[in-house]
Asker: 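Next up is a structure, given as structure tokens.
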Amino acid sequence: MASNSATSLFLILFIITQCLSVLNAVQDFDFFYFVQQWPGSYCDTKQSCCYPTTGKPATDFGIHGLWPNNNDGTYPSNCDPNNPYDQSQISDLISRMQQNWPTLACPSGTGSTFWSHEWEKHGTCAESVFTNQHAYFKMALDLKNQIDLLSILQGAEIHPDGGSYSLDDIKNAVKSTIGHTPGIQCNVDESGNSQLYQVYICVNGSGSDLIECPVYPRGECGNSIEFPTF
């Protein structure tokens, strides 16, 4: 009898575990932030930066991440410790990653630490959308190809020349091209000036379409924003 009871308890626990796994696989976020950052603003702070081991990145916006987010401004993170970053899954994407998703953190690195952080903190929370890590990173890279921020801004005569530009002009330039208002995040240069740092574009929860952001990132920019050189 004792053996049968132990077996029954094991089966019950197994079923509960499987049910919880299914529940965890259900999408528990509302949309994605697709975030690109300007390297000149990352580097032009008191903290400074380090170029990756592959050399100075291109003078272009780089991907920061693709982040599941909720309509109330909260977001899930580090959702699946049993699915760690595995670079072998994205071996065919590495050259694109190095070009479009470069690390600027110190000390200099190849980018793998940065990409690992993005997958484990954010990507694991979207396993209901992406069948594997390759799909997650490829979607971010494809979004970067679709949304060429530097070309969009330069087409509106907004250039990374160290000059200052209107926050509204920056937003309107992006909106006129993609059809949705971006979120703009600034940081502060060594002299205390507000500068264009990150641009947030919102994507629906299935990753299929750009949308108007349900909520915008925290952080304020002045009416006049510096666009530093790089």
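Values reported hereafter were calculated over all heavy atoms of this structure, with side chains retained and with hydrogens, waters and symmetry mates removed. Keep in mind that what you see is a predicted model, and the values were worked out from it rather than measured.
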Asker: Minimum heavy-atom separation for I184 and I170, please, with both atom names.
Answerer: CD1-CG2, 4.0 Å

Asker: Do any pairs count as a ring-ring contact (aromatic ring centres under 6.0 Å, His included) and have a residue in residues 205-227, sequence neighbours left out, and if so which ones?
Answerer: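 For residues 205-227, and leaving out neighbouring residues, the ring-ring contact (aromatic ring centres under 6.0 Å, His included) pairs sorted by first residue read W38-F227.
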
Asker: Answer yes when D168 and K175 have at least one side-chain N-carboxylate O distance shorter than 4.0 Å, and no when they do not.
Answerer: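 Looking at K175 together with D168, the answer is no, because their closest N to O distance does not fall below 4.0 Å.
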
Asker: N193: which residues meet the side-chain contact (heavy atoms from CB on, under 4.5 Å) condition with it, sequence neighbours left out?
Answerer: D189, S191, E226

Asker: Taking the side chain as every heavy atom from C-beta outward, state whether D30 and P214 have any atom pair closer than 4.5 Å.
Answerer: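 D30 does not reach P214 side chain to side chain.
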
Asker: Please confirm whether the backbone N or O of S41 pairs with a side-chain atom of T45, one donor and one acceptor, at under 3.5 Å?
Answerer: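 No; judged by distance alone, with no hydrogens or angles, the pair does not exist.
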
Asker: Does any non-hydrogen side-chain atom of I201 lie less than 4.5 Å from one of V174?
Answerer: yes

Asker: Could you list all the salt bridge (Lys or Arg N to Asp or Glu O under 4.0 Å) pairs where at least one residue sits in residues 38-66, not counting sequence neighbours?
Answerer: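 Qualifying pairs: D60-K144.
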
Asker: If you define the side chain from C-beta out and look only at heavy atoms, does anything of F137 sit under 4.5 Å from I94?
Answerer: no

Asker: Looking at F32, F34, W67, which hits ring-ring contact (aromatic ring centres under 6.0 Å, His included) with H122?
Answerer: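 Answer to the ring-ring contact (aromatic ring centres under 6.0 Å, His included) test with H122 among F32, F34, W67: W67.
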
Asker: Is it the case that the side chain of S108 and the backbone of C50 share a donor-acceptor pair, with hydrogens and angles ignored and the cut-off at 3.5 Å?
Answerer: no

Asker: Report yes if the SG atoms of C43 and C49 are separated by under 2.5 Å, and no otherwise.
Answerer: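 Cystine link detected, SG atoms below the 2.5 Å cut.
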
Asker: For a quick check under 3.5 Å, do Q195 and Y197 share a side-chain donor-acceptor pair by atom type?
Answerer: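 There is no such pair (donor and acceptor under 3.5 Å, judged by atom type) between the side chains of Q195 and Y197.
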
Asker: Could you tell me if N83 and E127 have a donor-acceptor pair between their side chains, going purely by distance under 3.5 Å?
Answerer: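 Yes, N83 and E127 have a side-chain donor paired with an acceptor closer than 3.5 Å.
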
Asker: When the ring planes of Y51 and F230 are compared, do they come out parallel, tilted or perpendicular, using 30° and 60° as the limits?
Answerer: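 Ring orientation, 0 to 90° scale: perpendicular.
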
Asker: Less than 4.5 Å apart, any side-chain heavy atom of C125 and any of Y75?
Answerer: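 Sidechains of Y75 and C125: no contact.
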
Asker: Give a yes or no on whether the ring-centroid distance for W115 and Y85 is below 6.0 angstrom.
Answerer: no

